Amino acid sequence: MPHSSLTHLDRLEAESIHIMREVVAECDRPVMLYSIGKDSAVMLHLARKAFHPAALPFPLLHVDTTWKFRAMYEMRDQVARQAGIKLIVHVNEEGLKAGVNPFSHGSAVHTDVMKTQGLKQALDRHGFDVAFGGARRDEEASRAKERIFSFRAAGHRWDPKNQRPELWNLYNARKAKGETIRVFPLSNWTELDIWQYILTENIPIVPLYFAAPRPVVERDGALIMVDDGRMPLAPGETPTLRTVRFRTLGCYPLTGAVESEATSVAQIVGEMLRTTTSERQGRVIDRDQSASMEKKKQEGYF
Amino acid sequence: MSAAVSTAMNDADIEAYLERQRHKSLLRFITCGSVDDGKSTLIGRLLYDSKLIFDDQLAALERDSKKVGTQGGELDFALLVDGLAAEREQGITIDVAYRFFATERRKFIVADTPGHEQYTRNMVTGASTADLAVILIDARKGVLTQTRRHSFLVRLMGIRHAVLAVNKMDLVGYSEDRFAQIVGDYRAFADSIGLGDVFAIPLSGLKGDNVSAVSAQMPWYRGPSLIEHLETVPIDETRLVQKPFRLPVQWVNRPNLDFRGFAGQVASGMVRAGDAVRVLPSGKTSTVARIVTADGDQTEAIAGQSVTLTFADEIDCSRGDVIAAAASPAEVADQFETTIVWMAEDKLIPGRPYWLKLGTRTVSATVTDIKYRININSLEHLAARELDLNEIAVCNIALDAPMAFDPYDEIPALGGFILIDRIRNTTVGAGMLHFALRRAHNIHWQSLDVTRESRAQAKGQKPAVLWFTGLSGAGKSTIANLVEKRLLADGKHTYLLDGDNVRHGLNRDLGFTEADRVENIRRVGEVAKLMADAGLIVLVSFISPFRAERDMARALMAEGEFFEIHVATPLAVAEARDVKGLYAKARAGQLKNFTGIDSPYEAPLAPEIVIDTALLRPEEAADRIVAALKTAGRLNA
């Protein structure tokens, strides 16, 4: 490392590690939300660094909607097999029994029941008082004003008008019984920082981020991948093989692909530099209603 | 993503680009000014010029510009910042928002604090992490009161670099004279408050003059554009590396018996394996054996890095301690002069205990004296007995334990602190340490040969403090009086401190405002402590309406010595009794700040004993208390 100067990635890494250590030192039962995407991959990598040589002092939690890409489940199971990793998978069983899915219930209901409610169930069931999330402030406007330590009243509600002032690197992790905190160690990272860090640190990510021929259908202007036999096709709708990749990963029926030739992280970055649409545009859930993220967050979504 | 990145990039270009990216540094800055000064337009322009506006956002901007824009259908950059989340429509106030952009040389994080009534709190929050402040001035208006206010806060928060952005130059005909006049006015003021490094740039956020490129409109200006300046200004961390080594310990890493590492972020200076260090406040010394990271051991670590240190010796060191260079350790003290910015609706009350967090250490702190409040518009010093939201004051504080520190101006991470409400856990204030009022290692307790144990032993009893709390007229004094009679009959040495009686003597200078009530209880707590030291069983009968002060009294006593007795008479019952006729007066408005009427009573959350006077006669209540003391083992010697 060059003497007496840190790069922007050095500073971001050191900040994220500091945040994670504060949580572990001050809180009783932390958990790390693991959503299998690139941000989760970076967050997990930073967590290992923060507590090295000790194992992770908290489990990972995957709130499974059962509609993730198959390649994501493979990645998740691979991570779960690694030494020192304890992974909890939670599915909202009531939602599953009720047959909630993105096709017949729409993205809003599906996301609320399987993701938001599922998350709250899992936190309550295990008594977790702090949950790490991989959200970044550059992703979406309501994130831009959220604290790194984001306090939730009993019932997991976020009150954007009543946030604790957050000064310097002093985080206030004090809370009463029943209250919880969501902590975002990647708050100050941008999408480009994430990719650069993945490249520099050689962090494994789900292959769906890289371009490959995949069967897709075009719906409402979005390219949806037909990942398994559960996807109902409209009359006359036939999947076509197109060379695509994903900029973000979620439930496959709700995640739009982009046409791309990028098969390496460097090429992805190159593509990003030419890109002229913002990252979340690939997500169907954000477009359901205006300012939808803020509303979902108030209800307890990550 | 800079303008230099062309659309026809091949793999070799990308590699080269990524290589350059790797060496980018990070500058955090804050913009000070209101919408009227063109702040949102300037930030929007910075984002736009650095190509951070995507097509979908640009489409939204074009649509919004036509619909609600103020530029006659031209792109209104302010909407990029103000309108991103449709915040105005939802009526949600942003307090501090962070925006991100990057150029070829640097990544930038902008703290944007749209200023409304909460401006001081928000600006101080945004400024706390900033390396630089951009202070906006409308060229037509010149230096205004708000310019002075922003500059004072920038100086207060110790930001080393300021840019005076004289905006809207297009509206004054790009006049060199006007610019020179404003800069002259401003420099005189900046010097008077000790804001040294100010760089003035004439610009127009709206037209883009001198924002990212030097403008042809102002050939008389030979300096860099705003972006060029932001790209080259030195970053604070470089300066911090020159300071003595400090590392506040966050967490002790003990994966097995063979490894004991101290994890933390280096606050200042640098450390090398083999360096002699001192652990504060204990003062124990050792040498650094290893600097451990997941990427292998390092030979040195510098300010800003998160590392794990191991020592050559097994010495005590835990979260909250500071590891410092042995040759130039931090000072240790428990009383300080500070500047406090108050951030809560509830007033700051001297004497009331708060949690204070500095670095990784959390201690109990009280403001012992508000020396003066500062009017941030006029910079006048004013007398104050308490602080309201957004007020700033120079205060003395006292901690319940010694703490390692450096003056905020020297090493911000060792001198900046937050204050936390002990009941609600909210962050209520922020402060900067200036200097220690006395050094903790110079105050010694006079060691006395007769100890509190021997005094108690001579009386054949264990000291205790029975703290009766409840509304006026609840029956506290009646019950306390009965308990004392029984204890006396049992041969115990006791004293009853009664609220009304103490107010005739020791506390006759105090009234009934919140601040005076806090001081009232603080004094009684201290007296009760002295009496318990003397070996007495002390009965305290005070309304003591606030949890924080009862907790403070509890904290003064030894473990197991304090009994909080809630005489839980409902307000209606106490008011119906109205033995002293006080409720009637309070209801008639003749008595202000009366507990239960126009001043709150905070019931205990976990009292040792609860007495429901609706169910128990005073004699039965006294029996129950004496029985509880016996059960707790306080009545046998």
Side-chain angles (χ1 to χ4, degrees), chain A residues 1 3-14 17-18 21-22 24-25 48-55 137-138 141-142 144-145 160-161 163-170 172 174-176 187-188 190 192-193 196 199-200 266-267 269-270 272-278 281 290-291 294, chain B residues 1 5 7 9 11 14-15 18 21-26 54-57 84-86 90 92-100 102 107 109 121 124-125 128-129 237-238 241 250-251 253 255 259 263 265 292-294 302 304-306 319 343 355 357 412-413 416-418 420 425-427 430:
Chain A
M1 159 156 334
H3 188 65
S4 75
S5 79
L6 299 180
T7 67
H8 71 298
L9 286 180
D10 293 336
R11 271 181 87 173
L12 291 171
E13 178 189 81
I17 289 174
H18 175 262
R21 287 170 171 172
E22 280 300 284
V24 166
R48 290 181 199 274
K49 286 197 173 196
F51 304 104
H52 172 87
R137 283 170 174 160
D138 78 324
S142 78
K145 61 190 173 186
K161 289 180 200 167
Q163 301 193 78
R164 295 173 175 179
E166 202 161 74
L167 292 100
W168 299 292
N169 62 351
L170 296 175
N172 175 1
R174 303 187 81 90
K175 58 194 171 341
S187 288
N188 287 325
T190 62
L192 186 59
D193 297 329
Q196 278 188 307
L199 186 68
T200 310
Q267 285 168 0
V269 172
M272 261 190 69
L273 297 173
R274 293 187 292 264
T275 293
T276 50
T277 52
S278 63
Q281 215 200 19
S290 64
E294 177 133 356
Chain B
M1 279 163 264
V5 178
T7 49
M9 242 190 344
D11 283 7
I14 297 168
E15 297 290 339
L18 286 170
Q21 296 291 306
R22 257 194 271 287
H23 302 294
K24 257 188 207 178
S25 53
L26 170 63
F54 294 112
D55 280 357
D56 48 339
Q57 293 168 340
L84 270 177
Q90 293 181 64
I92 289 173
T93 318
I94 329 170
D95 45 8
V96 187
Y98 296 90
R99 320 267 178 212
F100 302 82
K107 167 177 171 153
I109 302 179
R121 177 174 96 171
V124 164
T125 302
S128 72
T129 50
E237 239 148 78
T238 322
V241 174
Q250 278 190 283
W251 184 69
N253 192 341
F259 188 89
Q265 189 170 15
V292 179
T293 76
I302 60 170
Q305 288 186 298
S306 285
R319 175 171 170 86
M343 300 183 159
W355 292 119
K357 184 174 183 184
F417 60 86
I418 55 171
I420 299 169
N425 292 320
T426 46
T427 304

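So that the names make sense, note that chain A is the first sequence line, chain B the second, and so on, each numbered from 1. Because the structure is a prediction, the values reported are computed rather than measured.
- For the pair N253(B) (side chain) and H52(A) (backbone), a donor-acceptor distance under 3.5 Å is present.
- Most heavy-atom pairs under 4.5 Å with chain B: of the set V24(A), N172(A), T200(A), L199(A), this distinction falls to N172(A).
- Note that CG of L26(B) and CZ of R11(A) are 4.5 Å apart. Values are rounded to the nearest 0.5 Å.
- Contact count versus chain A (heavy atoms, under 4.5 Å) is highest, among P255(B), S306(B), G304(B), for S306(B).
- Proximity to chain A involves both the backbone and the side chain of I418(B), based on heavy atoms less than 4.5 angstrom apart.
- Note that CG of N169(A) is 8.0 Å distant from CD of Q250(B), once rounded to the nearest 0.5 Å.
- Heavy atoms only, all atoms of each residue included: F100(B) and S187(A) are closest at CZ-O, 3.7 Å.
- Using a 4.5 Å heavy-atom threshold, the side chains of L6(A) and Q305(B) count as touching.
- Taking CD1 from I17(A) and OG1 from T293(B), the interatomic distance works out to 8.5 Å, rounded to the nearest 0.5 Å.
- Most heavy-atom pairs under 4.5 Å with chain A, from the set I420(B), V292(B), N425(B): that is N425(B).
- Residues that satisfy the side chain to side chain contact (heavy atoms under 4.5 Å, CB included) test with T129(B), not counting sequence neighbours, are R28(B).
- Between K107(B) and L12(A) there is a side-chain heavy-atom pair separated by less than 4.5 Å.
- Atom NE2 in H23(B) sits 10.5 Å away from atom CG in D10(A) (nearest 0.5 Å).
- Heavy-atom distances place the side chain of F259(B), and not its backbone, under 4.5 Å from chain A.
- Both the backbone and the side chain of L170(A) have a heavy atom closer than 4.5 Å to some heavy atom of chain B.
- Scanning all heavy atoms of the two residues, the minimum distance from W251(B) to A54(A) falls at CH2-CB, 4.4 Å.
- Proximity to chain B involves both the backbone and the side chain of E22(A), based on heavy atoms less than 4.5 angstrom apart.
- When every heavy atom of R121(B) is checked against every heavy atom of P165(A), the shortest pair comes out as CD-CG, 4.2 Å.
- For the atom pair CE (M343(B)) and CZ (R164(A)), the distance works out to 14.0 Å, reported to the nearest 0.5 Å.
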